Amino acid sequence: MYIKRECTSSVIIFILLCFAMQSLILFYIIKSVISSNLRLEQVVILSRHGVRVPVSLRLNKMSPNQWPQWNENPGQLTARGIEVEGLLASYFSEWLIKNNILSPSCPNDKDFFAYADSSQRTIVSAEAFVEKAFPNCNVIVHYSSDTPDPIFNPVIHNGSVNFQKIAEKQMQVAINELKLNSSFIELNSILDYSESEYCKRENKCDLSQEHNTPYVRAKYKPKVSGGLKKSNEAIDGFLMALYNGLSEDQVAWGKLKNHSQWKVVMQIAEGYHDVVYKTESIAKDLAGPLLSYMRDIFVKKNTKVTLVMGHDSNINVVLNAMSFKRHNLRNSLASTPISGKVVFQKWFDENLGKYLLKVEYIYQSTDQIRNALPLSMEKPPEVCLMGIHKCRNDDRGFCLWDDFISILNDL
Ligand SMILES: *[C@@H]1O[C@H](CO)[C@@H](O)[C@H](O)[C@H]1NC(C)=O
Ligand SMILES: *[C@@H]1O[C@H](CO)[C@@H](O)[C@H](O)[C@H]1NC(C)=O
Ligand SMILES: *[C@@H]1O[C@H](CO)[C@@H](O)[C@H](O)[C@H]1NC(C)=O
């Protein structure tokens with residue numbers, strides 16, 4: 001059974017619902033056993049890479065405290081990242097076989113195709129996936145020799161001054177809507193920002209006071225300079241340490257003690273992505289090349305399963321360009337968790353004689369990532385049903401495939 005925003009479910013609503021819908025569920029189970037004529041025809045998995053070393057090179061200027069040491073270079077996938085990606089891959093191979101789209105033998109190029117951005121962390125993530133999903137099959141991960149690959153590179157394409165003005169204005173509106181004072185104050189204190197190099201050398205001593213300025217130019221990533229971006233980098237540092245299984249005192253120096261504190265600081269990270277990747281014109285512009293790549297798979301290719309390995313920015317802009325409803329991932333600190341996968345599924349309903357779309361966010365909970373917990377059909381990852389405006393989900397969570405394709409064609 002699916003209800004809108006089920007991923008946010010509070011316990012009470014959940015329990016009430018359980019009672020209220022018990023009989024309805026039973027009805028659907030019986031009905032689906034009798035009349036289940038659904039066939040999975042195609043799957044496109046849009047994934048974020050696995051756990052990586054923080055990318056920022058200015059963390060040391062933000063805090064007098066010692067940041068964790070990493071074995072890999074900034075931005076690279078970690079050994080733990082490979083492991084955690086592989087755990088989710090094992091689940092996916094079970095899931096794909098159970099749904100009869102792949103057989104237990106090695107897939108060929110028509111069965112499965114992996115395409116990764118040409119960065120180390122995305123290529124190695126995709127390799128980790130295929131190695132665990134299809135052991136000893138030598139499935140090749142494809143990627144472009146261009147670095148960066150224009151399909152994944154989140155840079156502005158529209159060179160008109162008018163676009164620049166509109167986009168910067170939309171970003172400014174999003175900046176003005178942020179309510180992050182208490183989050184910045186919490187972060188000031190975690191970082192000991194008033195003891196940082198930024199404070200001592202540049203007199204920047206309060207993250208909430210650093211003005212955020214949007215910047216949009218063709219061929220560059222959209223940017224916002226100021227406290228928001230800086231804070232997002234620091235939080236990424238905490239989050240990757242948490243995901244990578246570092247000891248508690250190495251994650252934000254043990255100062256993020258509970259879930260409510262995490263939620264307060266994570267609002268900054270979410271706010272950053274809202275400003276930089278989720279405003280309307282920017283999302284549409286940035287997503288363009290990846291959307292055409294995906295549209296081609298849906299419309300022209302008959303590859304059964306495609307893995308597209310990119311970044312959180314790619315997921316954010318694609319979801320926004322396709323006008324997905326906002327999602328809230330249960331048991332995840334981030335809205336685009338590491339290794340998380342947006343899974344586009346094309347089903348054929350023999351009763352209706354129609355193709356249907358279902359989209360689910362399949363991802364590991366923060367706990368499953370941090371503790372590298374094995375996954376299987378019995379111990380599954382988290383699954384969140386996604387909804388698209390203008391493509392109405394039925395009570396099983398499907399919308400019409402043709403509606404989805406016309407949405408794509410209108411973009
Ligand atoms: C660029 O942006 C402007 C302003 O939004 C728009 O009118 C124009 O169609 C865009 N050009 C392209 C090629 O998308
Ligand atoms: C945020 O804090 C600054 C000072 O730190 C203050 O000027 C501003 O009014 C506060 N904004 C809100 C919405 O509380
Ligand atoms: C979380 O930790 C902070 C700081 O130690 C504390 O003030 C707060 O009450 C705690 N919240 C919960 C829900 O435990």
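Whatever order the structure lists them in is the order used to number ligands and atoms, beginning at 1. Quick note: numbers below take in every heavy atom, side chains included, and nothing from hydrogens, waters or symmetry partners. Each residue takes its place number in the sequence, starting with 1. Predicted, not measured: the structure shown is a model, and the values here were computed from it.
- The pair Asp312-Arg48 counts as a salt bridge, with a side-chain nitrogen and a carboxylate oxygen less than 4.0 angstrom apart.
- Taking the six-membered ring where the residue is Trp, the centroids of Phe344 and Trp401 are separated by 6.0 Å or more.
- When non-hydrogen atoms are compared, ligand 3 lies under 4.0 Å from neither the backbone nor the side chain of His259.
- A distance of 9.5 Å separates CD1 in Ile315 from OG in Ser335, rounded to the nearest 0.5 Å.
- For Arg370, the salt bridge (Lys or Arg N to Asp or Glu O under 4.0 Å) criterion is met by no residue, not counting sequence neighbours.
- Between Asn258 and ligand 3, an N or O atom pair is found at a separation short of 3.5 Å.
- Between Phe112 and Lys304, the closest side-chain pair of non-hydrogen atoms is not below 4.5 Å.
- A salt bridge between Lys255 and Asp192 is present, with a side-chain N of the basic residue lying under 4.0 Å from a carboxylate O of the acidic one.
- Residue Ser260 approaches ligand 3 through these ligand atoms, each under 4.0 Å from one of its heavy atoms: 11 (N), 12 (C), 13 (C).
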Please report the C-alpha distance between Asp149 and Tyr115 in whole Å, then the side-chain angles of each, then the deciding distance to 0.1 Å, and finally whether the side chain to side chain contact (heavy atoms under 4.5 Å, CB included) criterion is met. CA-CA 11 Å; Asp149 180 343; Tyr115 189 70; 2.6 Å; yes
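- Protein residues with a heavy atom closer than 4.0 Å to ligand 1 are Asn158, Ser160, Phe163, Ile166, listed by chain and number.
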